[in-house]
Amino acid sequence: MSPTPEQRRAARHQLGTGSSAPAARRGPSGGRKKPITVDAIISTAFAIVEAEGYDALTMRRVAAALETGPSSLYAHVVNKEDLDELLIGRLCAGIDLPEPDPAAWRQQIAGVCTQLRDQYLRYPGISRAAFAAAPSNLDTLRVGEGMLAILLAGGIDPQTAAWALDSLSLYVNAYSLEVSLANSRIGRGDDGWVVSRDELLRRFAALPDTFPRTKRYAAELTAGTVHDRFDFTIGLMIDGLPGSR
């Protein structure tokens, strides 16, 4: 009896791989098409997100891109949530984790967060797949293990390190999603909601006097690039941890 999708999913986690035996194509064109595998599903899903954004990603859309029916995908992927986990795992596989250094732990954890951010920003909105999910993919868990090791090497107690890992990951996910949403609106020409700094300054200057601080500090409120703000926030979070200095 062939293994169920759930059994194949469990096997992937045990082996740390997204590969699987290819499914045979049916129909008159079956022999001319590439076989369906987990890797083919993942690559196709990434291509859809890259071209159309995460909102466009559905099992039906992936199946159409592979010129098959959704039922063919379920021989390899349990459901959309399973596909989400595979996608995040593939991105996490590209993260370079340093050997924890007690003297450089702050720079190291900030560097991993930056790598995660850059991976997410390659695919518009993909960080949504990481929200409200308990990771079980080995590639995703590898990154969590590496980040936890860095924090512990910095002298942070285990409970604080665990919550810091959660907070840092949540911020990276949320930041990446916000940037993706802004870029998507600009790409659609819907720039009425994403305005330039000059336009923000003009709007703040036009506020009534009941907003004295917003008017006075408009330059500070609108200063810096989005990545400047990312670096500031990650640094602020890390500097607030009671680790070794």
Side-chain angles (χ1 to χ4, degrees), residues 1-23 35-95 112-113 115-148 162-163 165-181 184:
M1 180 180 296
S2 299
T4 66
E6 288 81 1
Q7 289 170 333
R8 290 181 175 180
R9 182 173 188 263
R12 289 201 304 270
H13 294 163
Q14 292 170 1
L15 297 174
T17 177
S19 61
S20 69
I36 297 172
T37 64
V38 171
D39 284 336
I41 293 170
I42 293 173
S43 297
T44 301
F46 273 131
I48 292 169
V49 175
E50 186 173 26
E52 306 172 36
Y54 180 75
D55 284 339
L57 183 63
T58 64
M59 297 294 281
R60 187 173 298 277
R61 178 70 181 84
V62 174
L66 287 169
E67 300 181 39
T68 188
S71 60
S72 297
L73 304 188
Y74 293 120
H76 303 278
V77 180
V78 180
N79 50 30
K80 174 61 161 46
E81 289 71 26
D82 188 24
L83 177 58
D84 283 343
E85 189 173 20
L86 286 167
L87 295 176
I88 296 301
R90 179 67 60 86
L91 293 179
C92 285
I95 301 298
V112 175
C113 288
Q115 288 187 69
L116 279 170
R117 176 202 72 190
D118 292 344
Q119 285 286 73
Y120 289 150
L121 290 180
R122 293 171 57 196
Y123 301 98
I126 195 69
S127 64
R128 278 177 54 189
F131 283 109
S136 57
N137 182 282
L138 293 186
D139 287 316
T140 305
L141 289 169
R142 180 188 71 92
V143 173
E145 172 76 14
M147 293 177 71
L148 185 60
W163 285 347
L165 173 59
D166 180 66
S167 298
L168 288 166
S169 299
L170 184 61
Y171 174 71
V172 172
N173 294 347
Y175 171 90
S176 301
L177 178 58
E178 182 180 53
V179 172
S180 294
L181 289 173
S184 176

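Treat the numbers as computed from the prediction; the structure is a model and nothing was measured.
Here the straight-line distance linking atom CG of Leu170 with atom CG of Asp166 works out to 6.5 Å at 0.5 Å rounding. Atom CG of Leu165 is separated from atom CG of Leu148 by 6.0 Å, given to the nearest 0.5 angstrom. From Ile95, atom CD1 reaches atom CG of Leu116 across 4.5 Å, with rounding to the nearest 0.5 Å. For the atom pair OG of Ser176 and CG of Leu181, the computed distance is 11.0 Å after rounding to the nearest 0.5 Å.
Residues meeting the salt bridge (Lys or Arg N to Asp or Glu O under 4.0 Å) test with Glu50, sequence neighbours left out: none. Under the side chain to side chain donor-acceptor pair (under 3.5 Å) criterion, Glu178 pairs with no residue at all, not counting sequence neighbours.
Proximity of Val143 to Gln115: side-chain heavy atoms (C-beta onward) are nowhere separated by under 4.5 Å. Two residues are said to be in side-chain contact when any heavy atoms from C-beta on lie closer than 4.5 Å; Cys92 and Arg142 fail this criterion. Within the 4.5 Å cutoff, side-chain heavy atoms of Ile41 are placed close to those of Leu83. Put simply, the side chain of Val179 does not reach to within 4.5 Å of the side chain of Tyr120, judged on heavy atoms. Residues Asp84 and Tyr54 form a side-chain contact, since some pair of their non-hydrogen atoms from C-beta on lies under 4.5 Å apart. Here the side chains of Leu87 and Tyr123 are not in contact, with every heavy-atom distance at 4.5 Å or above.
Applying the salt bridge (charged side-chain N to carboxylate O under 4.0 Å, His left out) test to residues at least two apart or on different chains, the pairs with a partner in residues 120-130 are Asp55-Arg128.
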Checklist line | Steps toward side chain to side chain contact (heavy atoms under 4.5 Å, CB included) verdict (Asn137, Arg90) | finding: CA-CA 9 Å; Asn137 182 282; Arg90 179 67 60 86; over 6 Å; no
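In this structure a side-chain-to-backbone donor-acceptor pair under 3.5 Å is present from Ser127 to Asn173. Under the 3.5 Å distance criterion, the side-chain polar atoms of Glu85 are matched with a main-chain donor or acceptor of Ser136.
Taking both residues in full, the closest heavy atoms of Thr44 and Ala65 are given as CG2-CB, 3.5 Å, listed atom of the first, atom of the second, then distance. A pairwise comparison of heavy atoms in Ala40 and Leu66 identifies O-CD2, 4.3 Å as the closest pair. Between Ser180 and Pro124, the shortest heavy-atom distance links the atoms OG-CA, 3.7 Å. When all heavy atoms of Gly89 and Asp139 are compared, the closest pair comes out as O-CB, 3.2 Å. Pro135 and Thr140 get closest at one heavy-atom pair: CB-CG2, 3.6 Å. Listed here is the closest heavy atom pair of His76 and Ile36: NE2-O, 3.3 Å.
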